[in-house]
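Remarks on the structure that follows.
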Amino acid sequence: MSNRRSRQSSSALRISDDQMIDLVSQLCQLLPEIRERRRSDKVSASKVLQETYSYIRKLHREVDNLSERLSQLLDSVDEDSHEASVIRSLLM
């Protein structure tokens with residue numbers, strides 16, 4: 001019975017080729033590196049996934065850097081000030 005369940009759950013996770021093409025197309029629209037290319041340039045799904053991974057890593061680094069800068073800024077202002085309150089809300 002568990003084998004049957006695993007087959008059912010894995011088949012529920014499968015997507016059609018058309019769905020995959022649509023998802024890759026949507027990712028292309030979100031990625032600056034790919035979006036800036038000419039429409040006639042074809043990009044493989046693996047390239048789109050690599051670019052997506054790189055872009056997400058870059059965004060994570062930017063978030064980390066901004067959080068660090070906000071923390072440093074928070075350390076430099078009066079703890080009870082309006083500015084400190086705004087910075088704390090941004091860090092949440």
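- In the hydrophobic clustering of this structure, Ile34 groups with Leu49; members are Ile, Leu, Val, Met, Phe, Trp, Tyr whose side-chain heavy atoms approach within less than 4.5 Å, directly or through other members.
- Val86 and Val77 end up in the same hydrophobic cluster when Ile, Leu, Val, Met, Phe, Trp and Tyr side chains are linked at under 4.5 Å.
- Atom CG of Asp17 is surrounded by 12 or fewer heavy atoms from other residues, nucleotides or ligands within 6.0 Å.
- For residues 83-92, every residue pair satisfying the side chain to side chain donor-acceptor pair (under 3.5 Å) rule, not counting sequence neighbours, is listed here: Ser81-Glu83.
- Here the straight-line distance linking atom CG of Asn65 with atom CG of Leu70 works out to 11.0 Å at 0.5 Å rounding.
- A 4.5 Å side-chain heavy-atom check between Leu59 and Glu62 finds at least one atom pair inside the cut-off.
- In the displayed structure, Glu79 atom CD is contacted under 6.0 Å by at most 12 heavy atoms of other residues, nucleotides or ligands.
- In terms of heavy atoms, Val48 sits closest to Cys28 at CG2-SG, 3.4 Å.
- Note that the CG atom of Asp22 and the CD atom of Gln26 stand 4.5 Å from one another [nearest 0.5 Å].
- For Leu30, there are no side chain to side chain contact (heavy atoms under 4.5 Å, CB included) partners at least two apart in sequence or on another chain.
- Evaluation of the side chain to side chain contact (heavy atoms under 4.5 Å, CB included) rule for Lys47 yields Arg37, Val43, Ser44, Gln50, Glu51 as partners, not counting sequence neighbours.
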